[in-house]
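Following: one structure in structure tokens, then a few remarks.
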Amino acid sequence: MTTETIQFISEGISCAGTLYRPIGDGPFPAVVLSHGFGAVRGMRNIPELGTALAESGVIALAIDYRYLGDSGGMPRQQVIPHAQRQDLVNALSYLETREDVDAARLGLWGTSFSGGQSIQVAAFDRRVKALVVQVPATDLYRQIQFEAPSAQRDLINSTIASERPRHFAGEKPATMKLADTAENPSVFGPESLDWATRNEQEHAQFHNYVTVTSLEQAVQTAPGGYIASVSPTPLLLILAEPDKTVVTELTREAFERAREPKKMLVVEGLHYDAYDVPETLAKVTSVARDWFVSHLL
């Protein structure tokens, strides 16, 4: 297995990627791996899966979305859902240009916010022949507007409203921390603070904040509404219980709407246990690898 740093252009902006490649000439099946909200491709669960896939004969391409990590684009630390979906589409197109890739055997893997966006991409891009979504955010609109505590909902709505005059005036975007203590406002709250703090220490490209306009766009997303159209692409959905970052009832509702072939794996633990707890990470990595091997090799 070898690794290679690559770049591809997505709507005029350079996206950075790490290619995990099996030994040999190929052509190999290939899978795009995409990180969560405001994250970067080097976080430990993604290299784990990339390595596992490459050692099993599947190319894996882990990407940084535009405005994040090593990718280009300004202002920094933006999460723009439609741009991220286009980055996924363009990552697939990049793989099609490689002589060592079998373009008829492409897959998509996404985690958390990107898990939801991957559902929406796979519903329309029939090049995707296998899909894995891990702890996906399937309906942030309903989660925030109807499931979140009123204090959290009011904070998010007031923060978004305060940014609109700044955005209209062309001022520098305001930002909000991804995670912070309970006394301070943040996107995910104190449950995510250990994860954010550790990743700031481990990855210089990761920053514990995003623009407020990112938050405004994210809370309008409901990609689970597209899940029925993923079929006939085989879908594996990995759910964590109890997940305190996404509402699992909404994820289960989305999975019920999905058509065959589909499978759900429920792992015991919190949202980030699939990223960082060794036993949980090993389990979700092996199950995702096996799904792609089964459907692409």
Side-chain angles (χ1 to χ4, degrees), residues 3 5-20 32-50 60-94 108-118 120-121 133-137 140 163 167 172-180 186-188 192-193 195-221 223 245-246 271-272 275-276:
T3 60
T5 301
I6 64 93
Q7 292 187 339
F8 64 93
I9 300 301
S10 186
E11 296 186 315
I13 296 175
S14 177
C15 283
T18 301
L19 194 86
Y20 300 81
V32 175
L33 312 179
S34 54
H35 59 72
F37 192 89
V40 293
R41 73 188 192 278
M43 291 180 177
R44 63 183 70 169
N45 61 319
I46 294 178
E48 286 274 347
L49 179 56
L61 173 60
I63 70 167
D64 282 341
Y65 287 119
R66 278 177 275 170
Y67 313 109
L68 297 167
D70 292 321
S71 291
M74 294 292 290
R76 303 301 296 167
Q77 297 304 116
Q78 293 189 96
V79 177
I80 303 175
H82 70 83
Q84 293 196 344
R85 292 193 298 273
Q86 192 60 50
D87 290 347
L88 293 176
V89 169
N90 288 330
L92 293 168
S93 297
Y94 164 77
L108 199 55
W109 178 95
T111 188
S112 195
F113 186 74
S114 189
Q117 301 310 300
S118 296
Q120 190 165 339
V121 169
V133 292
Q134 176 179 281
V135 293
L140 289 182
E163 178 65 3
H167 184 74
K172 181 180 178 180
T175 61
M176 188 176 193
K177 283 201 170 184
L178 288 169
D180 207 338
S186 64
V187 176
F188 298 131
S192 302
L193 185 55
W195 167 84
T197 301
R198 181 174 60 255
N199 278 291
E200 275 196 308
Q201 295 168 349
E202 293 180 358
H203 305 286
Q205 304 93 335
F206 171 70
H207 305 288
N208 182 24
Y209 66 91
V210 292
T211 63
V212 172
T213 53
S214 301
L215 181 61
E216 179 175 21
Q217 296 200 37
V219 300
Q220 298 178 55
T221 61
T245 304
V246 299
H271 189 82
Y272 297 107
Y275 294 53
D276 295 321

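Throughout, residue positions are numbered sequentially from 1 according to the sequence presented. Just so you know, these numbers come straight off a predicted model, no measurement behind them.
Sorted by first then second residue, the salt bridge (Lys or Arg N to Asp or Glu O under 4.0 Å) pairs that include residues 32-44, not counting sequence neighbours, are Arg41-Asp64, Arg41-Asp70, Arg44-Glu202, Arg44-Asp276.
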Q.
Go through it in stages, so that I can follow the logic: the residues are Val32 and Trp109, the test is side-chain contact (heavy atoms from CB on, under 4.5 Å), and I'd like the CA-CA distance, side-chain angles, deciding distance and then a yes or no.
A. CA-CA 6 Å; Val32 175; Trp109 178 95; over 6 Å; no
**Q.** Worked verdict on Met43 versus Trp195 for side-chain contact (heavy atoms from CB on, under 4.5 Å)
**A.** CA-CA 10 Å; Met43 291 180 177; Trp195 167 84; 3.7 Å; yes
Q. Can Tyr94 and Ile9 be said to form a side-chain contact (heavy atoms from CB on, under 4.5 Å), step by step?
A. CA-CA 9 Å; Tyr94 164 77; Ile9 300 301; over 6 Å; no
Q. Step by step, would you call Gln217 with Val79 a side-chain contact (heavy atoms from CB on, under 4.5 Å)?
A. CA-CA 8 Å; Gln217 296 200 37; Val79 177; over 6 Å; no
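No side-chain heavy atom of Tyr275 sits less than 4.5 Å from a side-chain heavy atom of Ile46. The shortest side-chain heavy-atom distance between Leu61 and Leu33 does not fall under the 4.5 Å cut-off. Between Ile80 and His82 there is a side-chain heavy-atom pair separated by less than 4.5 Å. Within the 4.5 Å cutoff, the side chain of His35 has heavy atoms near those of the Tyr65 side chain. In this structure, Gln84 and Phe113 have side chains that are in contact, with non-hydrogen atoms separated by less than 4.5 Å.
Nearest heavy-atom pair, Pro136 versus Gly116, reported as atom, atom and distance to 0.1 Å: CB-N, 3.9 Å. The shortest non-hydrogen separation linking Ala218 to Phe37 is CB-CE1, 3.5 Å. The two residues Leu178 and Gly38 come nearest to each other via the heavy atoms CD1-O, 4.2 Å. The minimum heavy-atom distance between Ser118 and Ser34, with the atom names listed, is OG-OG, 3.8 Å. Minimum interatomic distance between Ala137 and Pro223 (heavy atoms only, all atoms of both residues): O-CG, 3.6 Å. Here the closest heavy-atom approach between residue Ser71 and residue Cys15 is recorded as OG-CA, 3.2 Å.
Scanning for side-chain hydrogen bond (donor to acceptor under 3.5 Å, both in side chains) contacts around Ser192 gives Tyr272, with sequence neighbours left out. When the side-chain hydrogen bond (donor to acceptor under 3.5 Å, both in side chains) test is applied to Thr3, no partner is found at least two apart in sequence or on another chain. With sequence neighbours left out, the side-chain hydrogen bond (donor to acceptor under 3.5 Å, both in side chains) criterion links Gln120 to no other residue. Considering only residues two or more places apart in sequence or on other chains, Glu163 meets the side-chain contact (heavy atoms from CB on, under 4.5 Å) condition with Arg166, Pro173, Ala174, Val212, Thr213. With sequence neighbours excluded, no residue forms a ring pair (Phe, Tyr, Trp, His ring centres under 6.0 Å) with Tyr20. Under the side-chain contact (heavy atoms from CB on, under 4.5 Å) criterion, Tyr209 pairs with Gln77, Thr175, His207, not counting sequence neighbours. Listed by chain and residue number, Ser14 satisfy the side-chain contact (heavy atoms from CB on, under 4.5 Å) test with Gln7 (two or more places apart in sequence, or in another chain). Contacts of Leu193 classified as side-chain contact (heavy atoms from CB on, under 4.5 Å), with partners at least two apart in sequence or in another chain: Ala179, Thr181, Thr197. Residues satisfying the side-chain hydrogen bond (donor to acceptor under 3.5 Å, both in side chains) test with Gln134, not counting sequence neighbours, are Thr111.
Atoms CZ and CG, from Arg66 and Asn90 in turn, are 7.0 Å apart once rounded to the nearest 0.5 Å. Separation of atoms CD1 (Ile63) and OG (Ser114) is listed at 7.0 Å; rounding is to 0.5 Å. The CD atom of Gln220 lies 10.0 Å from the CG atom of Leu215; values are rounded to the nearest 0.5 Å. For the atom pair CZ of Phe188 and CG of Asp180, the computed distance is 13.5 Å after rounding to the nearest 0.5 Å. In this structure, Gln205 CD and Arg76 CZ are separated by 10.5 Å, a value rounded to the nearest 0.5 Å. Going from atom OG of Ser10 over to atom CD of Gln86 covers 5.5 Å, rounded to the nearest 0.5 Å.
At distances below 3.5 Å, at least one donor-acceptor pair connects side-chain atoms of Ser93 with backbone N or O atoms of Val89.
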